[in-house]
Amino acid sequence: MHERTLADCSILLLAGGRGQRMGGQDKGLVDWHGKPLVAWPYRIARPLTDDLLLSCNRNQQHYAAYADRLVGDDEPDFPGPLAGIRAGLAAARHRWLMVVPCDAPMIDEELLVQLHDTALAGPATPVMARRGGQWEPLFCVMPISLAPAIENAWQAGERSNRKILLALHARALDLERNDPRLANLNSPDLLGAQTPPPGT
């Protein structure tokens with residue numbers, strides 16, 4: 001195994017969205033510098049866990065190469081990222097689940113290690129990245145034990161991952177306001193404006 005494998009942590013790549021800003025394209029499969037967009041966060045996450053999950057609702061045959069297991073929403077019509085997180089919590093084999101969006105090709109190993117280490121350094125509560133004071137709710141890690149509380153919030157109609165995790169006493173991994181690693185390249189303009197991280 002990789003020497004920096006994250007202890008007792010499953011990783012979920014979120015690729016189950018509608019892709020509205022991409023004109024309805026499945027954004028995880030949109031080409032970016034010669035690779036599907038999902039391939040970039042995959043290259044970072046793959047060595048760090050023996051339980052790599054990917055949430056998708058279409059093109060499963062293409063996504064299968066980027067995960068140990070695929071999960072999908074249990075409701076139709078792309079109900080949002082929290083649906084994918086619920087599926088990931090139900091499927092994860094480890095005590096912690098880390099979540100990373102598929103349109104974040106600039107992440108690096110250090111960021112995921114920091115999220116993991118911050119989670120393990122405190123109480124069993126979620127950790128979210130926070131960039132310049134702004135929460136980044138799709139860069140997070142949470143204990144699997146919170147799955148029932150998250151499910152209760154979902155059944156009560158809450159669809160905001162940020163609001164649920166804050167209600168569950170989320171702690172912050174504070175990052176600089178201009179930290180490029182959290183860039184979401186979720187539109188053609190953003191894809192065209194960004195270059196790959198150094199060394200790739």
Side-chain angles (χ1 to χ4, degrees), residues 1-2 5-6 8-107 109 111-112 115 136-142 144 146-147 150-151 153-155 158-161 164 182-188 190-191 194 196 200:
M1 291 293 290
H2 193 267
T5 297
L6 305 181
D8 207 13
C9 188
S10 303
I11 299 178
L12 173 68
L13 299 178
L14 285 176
R18 194 187 301 271
Q20 287 177 299
R21 294 179 185 173
M22 291 287 188
Q25 295 182 81
D26 194 339
K27 64 184 174 183
L29 300 177
V30 171
D31 182 83
W32 189 65
H33 294 279
K35 301 176 185 177
L37 197 54
V38 70
W40 296 89
Y42 168 83
R43 83 193 194 286
I44 300 299
R46 174 68 283 175
L48 296 177
T49 183
D50 62 358
D51 189 32
L52 182 59
L53 308 173
L54 189 146
S55 166
C56 62
N57 293 307
R58 48 183 169 162
N59 297 314
Q60 284 85 352
Q61 69 277 16
H62 296 295
Y63 280 119
Y66 297 102
D68 296 315
R69 289 175 292 147
L70 302 179
V71 298
D73 298 347
D74 63 0
E75 296 185 12
D77 300 323
F78 303 96
L82 187 56
I85 293 171
R86 290 169 59 237
L89 284 167
R93 293 204 302 256
H94 292 306
R95 178 174 172 239
W96 294 89
L97 177 69
M98 182 177 293
V99 178
V100 179
C102 72
D103 55 359
M106 306 295 287
I107 64 165
E109 179 183 283
L111 175 63
L112 302 195
L115 277 168
E136 300 284 353
L138 298 186
F139 298 85
C140 63
V141 58
M142 64 197 75
I144 299 299
L146 293 181
I150 293 170
E151 184 63 24
W154 173 274
Q155 295 300 334
E158 183 58 72
R159 296 295 181 265
S160 167
N161 186 50
I164 289 176
L182 274 62
N184 283 118
L185 306 189
N186 56 12
S187 73
L190 291 171
L191 282 173
Q194 187 62 267
T200 57

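Owing to the predicted nature of the structure, the values given are computational and were not obtained by experimental measurement.
Nearest heavy atom pair, residue Ile164 against residue Ala153, reads CD1-CB, 3.6 Å. Across every non-hydrogen atom of Pro101 and Pro41, the tightest pair is O-CG, 4.1 Å. Contact detail for Arg43 and Pro105: the closest heavy-atom pair is NH1-O, 3.5 Å. Of all the heavy atoms in Thr5 and Pro47, the pair that sits closest is OG1-O, 3.6 Å. When all heavy atoms of Gly72 and Ala87 are compared, the closest pair comes out as O-CB, 3.6 Å. When all heavy atoms are compared, the tightest approach of Ile144 to Ala92 is CD1-CB, 3.7 Å.
One finds the NE2 atom of His94 at 5.0 Å from the OG atom of Ser10 (value rounded to the nearest 0.5 Å). Rounding to the nearest 0.5 Å places CG of Leu97 at 11.5 Å from CG of Asp8. Atom CG of Leu115 and atom CE of Met98 lie 5.0 Å apart (nearest 0.5 Å).
Side-chain atoms of Leu89 and Met142, non-hydrogen and from C-beta on, do get closer than 4.5 Å to each other. Looking at heavy atoms from C-beta onward, Leu111 lies out of side-chain contact with Val100 at the 4.5 angstrom threshold. Side chains of Pro36 and Tyr66 form a contact here, defined as non-hydrogen atoms less than 4.5 Å apart. Residues Asn184 and Leu138 have side chains not in contact (no heavy-atom distance under 4.5 Å, counting atoms from C-beta outward). Using a 4.5 Å heavy-atom threshold, the side chains of Arg69 and Asp51 count as touching. For the pair Val71/Leu12, a side-chain contact is recorded, criterion being any heavy-atom separation below 4.5 Å from C-beta on. Between Leu29 and Tyr63, some side-chain heavy-atom pair lies under the 4.5 Å cut-off. At least one side-chain heavy atom of Arg159 sits less than 4.5 Å from a side-chain heavy atom of Trp154.
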Trace of the side-chain contact (heavy atoms from CB on, under 4.5 Å) decision for Ile107 with Phe139:
CA-CA 10 Å; Ile107 64 165; Phe139 298 85; 3.8 Å; yes
Could you walk me through whether Cys9 and Thr49 satisfy the side-chain contact (heavy atoms from CB on, under 4.5 Å) test, starting with their C-alpha distance in whole Å, then the side-chain angles of each, then the deciding distance to 0.1 Å, before giving a yes or no?
CA-CA 7 Å; Cys9 188; Thr49 183; 5.6 Å; no
Please walk me through it: do Tyr42 and Leu54 pass side-chain contact (heavy atoms from CB on, under 4.5 Å)?
CA-CA 10 Å; Tyr42 168 83; Leu54 189 146; over 6 Å; no
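Screening Asp103, Asn161, Ile85 against Leu14 for a side chain to side chain contact (heavy atoms under 4.5 Å, CB included) leaves a single residue, Ile85.
Scored by the side chain to side chain donor-acceptor pair (under 3.5 Å) test, Arg46 finds Asp68 as partners (sequence neighbours excluded). Considering only residues two or more places apart in sequence or on other chains, Arg95 meets the side chain to side chain donor-acceptor pair (under 3.5 Å) condition with none of them.
Between the side chain of Trp32 and the main chain of Trp40, no donor-acceptor pair closer than 3.5 Å is present.
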